Amino acid sequence: MTEQSYIVIASKGSRRRPIYAWTKGVPIEDGAREQLLRVASLPFVHEHIAVMPDVHFGIGATVGSVIPTRGAIVPAAVGVDVGCGMCAVPTNLRREDLPEDLGALRRAIEHAVPHGRTDNGGRNDRGAWGSIPGHIQAAWDEQLGEGFERLLANHPRARRANSLRHLGTLGTGNHFIEVELDTTGQVWLMVHSGSRGIGGALANDFIKAAKKLMRDFHIVLPDPNLAYLPESHGLFHDYVQAVTWAQRFARVNRQLMLAATVEAVSSVSTGKACQPTDEPIDCHHNYVAEETHGGQTIWVTRKGAVRAGEGDRGIIPGSMGARSYIVRGKGEPRSFMSCSHGAGRAMSRGEAKRRFTEADHRAATAGVECRKDATVIDETPAAYKDIDAVMAAQADLVAIEQTVKQIVCVKG
């Protein structure tokens with residue numbers, strides 16, 4: 001008999017749904033385990049929860065979990081960075097086509113794509129556009145503007161959130177743009193970002209609305225952040241409309257940054273212009289979607305997880321000093337056709353800043369052209385789980401297609 005590839009987590013005698021965890025060889029902190037049990041107690045969870053090997057504590061629900069539901073959605077489980085995900089593409093360049101001084105390449109990308117956050121996110125925020133470029137305005141008008149106007153009918157406050165000014169910008173935290181090399185020396189470009197300020201504003205509004213709904217109906221939950229929107233309520237359909245639009249914003253956002261990165265690389269390449277050699281791979285990893293599994297139509301919330309249906313291409317990054325993987329899904333039904341979205345944090349940002357020094361970070365990112373100052377220590381490679389252990393734990397969920405390693409990393 002083949003050994004079971006996942007661990008079953010359940011409380012004896014409880015009414016909770018089972019939890020299937022692809023975490024062999026990868027630790028789960030106690031807080032995340034308790035959080036999983038709380039989510040599994042929700043009455044509308046369908047069949048079981050699937051846990052990815054990058055699992056760690058989150059808000060309401062763990063990052064690295066797949067939550068199938070019928071008749072309700074938990075907005076905080078979807079999260080505030082709606083549609084956050086990855087985009088990657090191989091190019092016609094090789095390492096020898098890039099400048100010897102990779103600092104020039106990093107500066108070109110940083111100049112092309114607004115990143116970070118200043119002025120408390122106000123008018124002088126360097127991570128947003130001051131004057132909107134023509135191609136950004138055109139992308140908004142062609143792909144997002146009409147849907148946004150429809151949203152405003154129910155959510156007029158959304159007009160005050162950063163939307164157009166954030167389109168084509170990177171953000172902060174673990175968002176990044178990287179120049180990578182695969183095992184043959186071919187250059188890849190990779191982008192990690194989501195729906196920026198507007199996605200967060202919409203998500204927070206619905207999280208607050210769900211919490212109010214629970215109070216109005218006197219529903220007591222094991223965690224207030226598990227407040228949900230029942231499908232029978234009008235807010236549910238408003239949320240689906242908003243989250244669908246925010247997920248589209250996130251995808252367009254990544255496409256624009258990828259195009260800007262291609263141009264930035266071309267501006268400093270030594271022999272020829274940078275050109276993609278394949279269609280970009282693009283995958284959300286913080287989102288909700290209506291899908292059919294086992295012949296039943298359900299809502300699948302992937303909070304830090306990627307869809308991995310049979311043949312689906314996906315991206316699983318390590319950290320700013322570790323390998324990343326281009327994968328194809330195997331369509332494992334027990335994971336609801338999902339895989340991890342990365343290595344997953346091994347510790348909180350605060351713990352990383354307390355534990356590691358700038359010298360530790362410089363050593364961990366040796367050979368990578370990136371920021372090496374104190375402000376990015378929370379993103380240092382040692383703050384993340386071992387990506388090789390994570391990949392080994394989900395060998396029956398995905399097949400590795402390409403292994404890539406960054407040589408340039410731009411962090412927000």
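Note that these values count all heavy atoms, side chains included, but never hydrogens, waters or copies made by symmetry. For clarity, every value in this text was computed on a predicted model and none was experimentally measured.
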- Task: Have a look at Asp378 and tell me which of Arg371, Arg355, Arg349, Arg345 forms a salt bridge (Lys or Arg N to Asp or Glu O under 4.0 Å) with it.
- Result: Arg349
- Heavy-atom check, side chain of Val51 versus side chain of Ile9, under 4.5 Å: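 A side-chain contact under 4.5 Å is absent here.
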- Within-4.5 Å side-chain heavy-atom neighbours: Val179 and Leu105: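 Val179 vs Leu105: side chains touch.
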- Answer yes if the ring centres of Trp299 and Phe44 are under 6.0 angstrom apart, and no otherwise.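 Between Trp299 and Phe44, the centre distance exceeds or equals 6.0 Å.
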- Task: Indicate, with yes or no, if the rings of Phe336 and His48 have centres closer together than 6.0 Å.
- Result: yes
Could you check whether any side-chain N or O of [X] sits under 3.5 Å from a backbone N or O of [Y], counting only pairs where one atom can act as donor and the other as acceptor?
{"X": "Lys24", "Y": "Gln394", "result": "no"}
{"X": "His293", "Y": "Ile298", "result": "no"}
{"X": "Arg17", "Y": "Val45", "result": "yes"}
{"X": "Arg165", "Y": "Trp129", "result": "yes"}

- Is it possible for you to check whether Arg334 lies under 6.0 Å from the centre of the six-membered ring of Tyr20, through NZ or CZ, and within 45° of that ring's axis?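 So Arg334 doesn't make the cation-pi contact.
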Between [X] and [Y] (salt bridge meaning N to carboxylate O under 4.0 Å), is one present in this structure?
{"X": "Lys411", "Y": "Glu379", "value": "yes"}
{"X": "Arg307", "Y": "Asp312", "value": "yes"}
{"X": "Arg302", "Y": "Glu291", "value": "yes"}

- Item | Crowding at CG, Asp30 (>12 non-hydrogen neighbours, <6.0 Å) | no
- Task: Check whether more than 12 heavy atoms from other residues, nucleotides or ligands sit under 6.0 Å from atom CD of Glu279, and answer yes or no.
- Result: no
- Classify the angle between the aromatic ring planes of Tyr6 and Trp22 as parallel (below 30°), tilted (30 to 60°) or perpendicular (above 60°).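 Plane angle between 30° and 60°, so tilted.
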